[in-house]
Amino acid sequence: MSKKNRLWRGMLILCTLAMAFALLAGCSAVRGSDGITSIEQLNDPGVTIGVSSDTAEYRLVQKELPKAKIKYFREETSAYTAVSQGKIDAYVFNKLSMETAVHSGVKNVRILDESLGENNISGVAFSPVTKIPNLEEKVNTFLREIKADGTLEDMKQRWLIRHEEEMPEIPLPETSDIHLVVGTTGANMPFTYFIGTEVSGYDIELARRFAAWLGATMEFKIYDYDGIIAAAQSGSIDCIFANLFMTPERTEALRFSDPTFVGEVGVMVQDLSDSTAPETITDFSDLAGKRVSMLTGAPFEELVLSKAPDVGEFTYFNNNPDMLLALESGKTDVVLTNNAIADLAVNRNDQFVLFPQSLKDGVFGFAFPKGDPTVEDWQVAYDSIPEETKTALWEKWTGSADEAKVLPEQDWPGLNGTVEAAVCDTLEPMSYAGEGGELVGFDEEMILLMAKELDVHVEFTGMEFAAILSAVQSGKAQIGAGSIIDTEERRQTVDFVDYYPAAFVLVVRDEAAAAETEKLGFAGSLKESFEKTFIRENRWKLFLKGIGTTLLIVVLSILFGTALGFGAFMTCRNGNPVANLITRFCVWLVRGMPAVVLLMILFYIIFGNVKISGTAVAVIGFTLVFGANVFSMIRSGVGAVGNGQLEAAYSLGYTNWRAFFRIILPQAVPHFMPAYKGAVTEIIKATAIVGYVAVQDLTKMGDIVRSRTFDAFFPLIAVAVIYFIIAAVLTFFVNRAELRLDPRLRKRKQIRKEGGRK
């Protein structure tokens, strides 16, 4: 590079930096140290304001804040996220809707006290081609009636002021001469939004009440705001109940009812202050509106509600690491678990603290099949263990000396046989996978002490907590263990041997400690996370073991599935009606069923009374899945080859079999190979669910490591990277096979060589 060019390059860099600093300084001047605090700050060229397209807010921003830049959003939730993350400076929308969003959990935002301008008026909009006669007149009559009797005011208080979310029972006729089709958005709290799978809200209740008043059957159709008016104009819907504001443009396109709501136009901005940081939960009254999480299969909702009836919602997790990670990252507010797991979590993570008030005492139990005659023998064996031995074991497994946490050898004769024990592998210290993947824990050693008294050997199988009782009920295991608390509900399906006092406790975040941890930054904890994930206790060996299991399942499933799919196609190729009917039914059944459900049906029902490993079941299950896909691929690929090819082969004296393999199949391969490669990648990712059938694959090993470290970053990143590598390697081999099979992709020299050999 010449001296002159270097000079120009340097000047360009300096100018760019100067512009960047000027822009940052300008933004800083606009926002201030506390962010945006008034509407005046928004009227600046350096400010970006979000609005919904074709709304009264859009015109208000143009009128009141002409210097600001405008960014359009199709729905409110994306705009809330953009404000929270600082991607836009403000969002202008109905003030009540935004206040409801903040009340429902939108973080790092606040609503300015002052409003932007005049009130917004919304009403019911009508399709100009509705087939319901005098619909506008009927809606207005209905609105006047419910306004006069106080129903409309009661609805406003419940939905808009107190933020209640319970939809009252409004019976509708099963049949009617009038069918009302209502358009709504389902994305504007508190007017129209989804609670679970049902659309709910102020406008939804209003629509249901009108349908009942009209004596009509009804249905809702969900649209974006930018499509709902077009739906009304085309007659796809009869009317719109969606807090639709009456703008001049909209009133030109549609007729509106009397007002159903009058509201202010508010401004949402990012909250940069520290004063809004939540305080640590210390009282049952603090649980109002909070998320409480527990393991799947832990039926303790009523217990929590008896202490805190205003809990917001319950969420469920398949394993302890994911649940504690959700608590650490703020995706849940409270975790319900037992005292042993809670104590360990609090000791290992400074961000966790025990909730100071107790829920209920209980007892840990070992689960046995209902009516198992050996339960009394196991209870007697447990009762014979000295109390000081039980106390010593508890201190050993809940203590900090990891080197002492090993199981005794099963050095007794075992003359009375071997029993299968299904145990959780992620619930340290009760039952978990230790160094090298060996199943250890307080539960395992207690079972071994009883087994020694009964002179039986024990074979432990690790699985998800939610699968343990299913394994016991189906007969796959004689004993179920893993921090299981004996409850009346569980006793209806299994018997228990009670073995140690337990307590139901809650774990919450220490918000002050969490704030300090966040200040350390990403780099501060990176080294420690790597050491805990891979180096400590040689945990890298767990990942290697998981890779081996995943590769075994994937490779065998691909090989057997390819053979199965190809064999099924060859059986059906010549039109055998019975073979076609059976094959198509099986393909429909396998492809229409979630893989996890298929695996659990195979493991717990079809092979319920057969001693077969989870790995074998996983291979069988994914062979069926891959085989069904291969069958469909080959059928579509062969279907793309014209019938004239087969007729030409017959005219040259080829047999049906030879014509297929020499003429049809080579031409079909290019058509289905891209789909085949995609199916290989999909089957690799799909195997991540085999932990449900007691297989310790790569994903499961990541869960196990997280259960030991209570750290998510490196275990998840490592698992993701390894899956990418496995997919890349297998795709490479498939590509090489494609080169061998597709003449168009082979080099001319290779084709000549093969032709010469013939």
Side-chain angles (χ1 to χ4, degrees), residues 18-53 55-73 75-120 160-161 163 188-191 243 245 261-280 289 330 511-512 514-516 518-519 521:
M19 292 174 63
F21 280 121
L23 180 60
L24 290 173
C27 292
S28 177
V30 170
R31 298 190 181 194
S33 59
D34 294 329
I36 294 172
T37 58
S38 69
I39 290 179
E40 291 180 1
Q41 294 172 281
L42 297 175
N43 194 27
D44 188 279
V47 168
T48 301
I49 299 176
V51 296
S52 298
S53 57
T55 59
E57 294 90 345
Y58 165 65
R59 289 191 306 280
L60 271 176
V61 171
Q62 282 188 316
K63 177 182 176 182
E64 303 293 336
L65 307 169
K67 296 181 181 179
K69 299 175 183 176
I70 295 178
K71 184 172 183 178
Y72 300 100
F73 289 87
E75 43 89 19
E76 296 77 53
T77 53
S78 297
Y80 299 155
T81 302
V83 174
S84 174
Q85 297 176 349
K87 294 178 180 177
I88 59 175
D89 299 284
Y91 179 56
V92 176
F93 192 60
N94 175 258
K95 193 171 186 178
L96 181 60
S97 295
M98 295 193 295
E99 288 173 345
T100 304
V102 173
H103 177 269
S104 300
V106 177
K107 306 292 185 183
N108 303 321
V109 298
R110 57 191 176 88
I111 313 299
L112 296 183
D113 293 333
E114 52 186 325
S115 299
L116 184 59
E118 72 245 25
N119 291 338
N120 272 334
L160 311 182
I161 307 301
H163 304 293
N188 182 4
M189 295 179 66
F191 297 96
N243 190 36
F245 295 136
F261 172 75
V262 178
E264 297 179 82
V265 178
V267 180
M268 175 186 286
V269 297
Q270 188 179 25
D271 190 356
L272 300 179
S273 67
D274 295 327
S275 58
T276 57
E279 297 180 356
T280 300
E511 297 297 343
E516 289 298 320
E518 290 174 1
K519 290 179 182 178

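Values below: all heavy atoms of this structure, side chains included; hydrogens, waters and symmetry mates excluded.
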* Might you work through the side chain to side chain contact (heavy atoms under 4.5 Å, CB included) test for Leu60 and Val51, ending with a clear yes or no? => CA-CA 10 Å; Leu60 271 176; Val51 296; over 6 Å; no
* Closest contact, heavy atoms only, Tyr91 versus Gly50 -> CD1-O, 3.0 Å
* Could you grab the distance from atom CD1 of Ile36 to atom CE of Met268, nearest 0.5 Å is fine? => 13.0 Å
* Could you walk me through whether Val61 and Leu116 pass the side chain to side chain contact (heavy atoms under 4.5 Å, CB included) check? -> CA-CA 8 Å; Val61 171; Leu116 184 59; 4.1 Å; yes
* Assess whether side chain to side chain contact (heavy atoms under 4.5 Å, CB included) is satisfied between Asp89 and Gln41, documenting all intermediate values. => CA-CA 10 Å; Asp89 299 284; Gln41 294 172 281; over 6 Å; no
* **Contact check, side chains of Thr37 and Arg110, non-hydrogen atoms, under 4.5 Å** => yes
* To do: Can you see which heavy atom on Pro45 is nearest to which on Lys69, and at what distance?
  => O-CE, 3.3 Å
* If only atom types and distance count, is the side chain of Gln270 paired as donor or acceptor with the main-chain N or O of Ser84 below 3.5 Å? -> yes
* Asp113, Ile49, Leu42, Ile111 screened by side-chain contact (heavy atoms from CB on, under 4.5 Å) with Val267, the one that passes -> Leu42
* **Between CZ on residue Phe261 and CG on residue Leu160, distance to nearest 0.5 Å** => 6.0 Å
* Who pairs with Glu114 by side-chain hydrogen bond (donor to acceptor under 3.5 Å, both in side chains), at least two apart in sequence or on another chain? -> none
* **Validation row: Pro66, Asn43 side chains within 4.5 angstrom (heavy atoms)** => yes
* **Non-neighbouring partners of Lys71 that pass side-chain hydrogen bond (donor to acceptor under 3.5 Å, both in side chains), sequence neighbours left out** => none
* Val109 side chain reached by Tyr80 side chain, heavy atoms, under 4.5 Å -> no
